[in-house]
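Down below is the structure, laid out as structure tokens.
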Amino acid sequence: MATNNPPTPSEPPVKQPIREEGGSVVLERRTQRVKPPQMYQVALLNDDYTPMEFVVVVIQEFFGKDLESATRIMLKIHLDGKGVCGVYTKDVAVTKVDQVLEAAHKSGHPLKCICEPVG
Ligand code: TYC
């Protein structure tokens, strides 16, 4: 005769399927266990010597902005002293800073580029 005893510790409880809206079926719902990585914003700083045109090209080349956005960011830096060009994971952000500083140095401009954690 079948008994209705609760499962013993060696016998994990049978998971009931959960039907999701899209039609898929899962046996258990897991809470998100991997937290998103710390992100870093890469910013350029203003100075009195780097030509505006050079900054616009840098923002286009290294941060993938079109001419209009690059010009807007450059003018913000010129007026406010600093402007964010992009937000990345740490490795990518550090690489962007290196690339910008190298390009500026090679061209003889004192352009400064920094990265800082967001949030
Ligand atoms: N202030 C510079 C000039 O007048 C232009 C400039 C803009 C320089 C942005 C740096 O990150 C910068 N030529």
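In each ligand, atom 1 is the first atom listed, and ligand 1 is the first ligand listed. As the structure is a prediction and not an experimental result, all values here were calculated from the model. Residue numbers run from 1 in the order of the sequence given.
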**Request:** With heavy atoms of L111 as the reference, note each atom of ligand 1 found under 4.0 Å away.
**Result:** 10 (C), 11 (O), 12 (C)
**Message:** To the nearest 0.5 Å, what is the distance between NZ on K96 and CZ on F62?
**Reply:** 8.5 Å
**Asked** From K82 NZ over to K112 NZ, what is the distance, rounded to the nearest 0.5 angstrom?
**Response** 15.5 Å
**Prompt:** Who's the nearest protein heavy-atom neighbour of atom 4 (O) of ligand 1, and how far?
**Reply:** H78 CE1, 3.1 Å
**Request:** Please tell me if the side chains of P51 and H109 come closer than 4.5 Å, counting only heavy atoms from C-beta onward.
**Result:** yes
**Asked** Can you list the ligand 1 atoms lying under 4.0 Å from a non-hydrogen atom of D47?
**Response** 1 (N), 2 (C), 8 (C), 10 (C)
**Message:** Is it the case that the side chains of S69 and D66 hold a donor-acceptor pair, with the cut-off being a distance below 3.5 Å and no angle test?
**Reply:** yes
**Request:** Test I114 against every option in L101, L44, V42, L45 by the side-chain contact (heavy atoms from CB on, under 4.5 Å) rule and name the one that passes.
**Result:** L45
**Prompt:** Any N/O of L45 closer than 3.5 Å to an N/O of ligand 1?
**Reply:** yes
**Prompt:** Considering only protein heavy atoms, which is closest to atom 9 (C) of ligand 1, and at what distance to one decimal place?
**Reply:** I77 CG2, 3.5 Å
**Item:** For T50, atoms of ligand 1 separated by under 4.0 Å from a heavy atom
**Value:** 2 (C), 3 (C), 5 (C), 6 (C), 8 (C), 13 (N)
**Message:** Any nitrogen or oxygen of Y49, side chain or backbone, less than 3.5 Å from one on ligand 1?
**Reply:** no
**Within 6.0 angstrom of E116 CD, more than 12 heavy atoms from elsewhere** = yes
**Asked** What is the closest protein heavy atom to atom 6 (C) of ligand 1, and at what distance does it sit?
**Response** N46 OD1, 3.4 Å
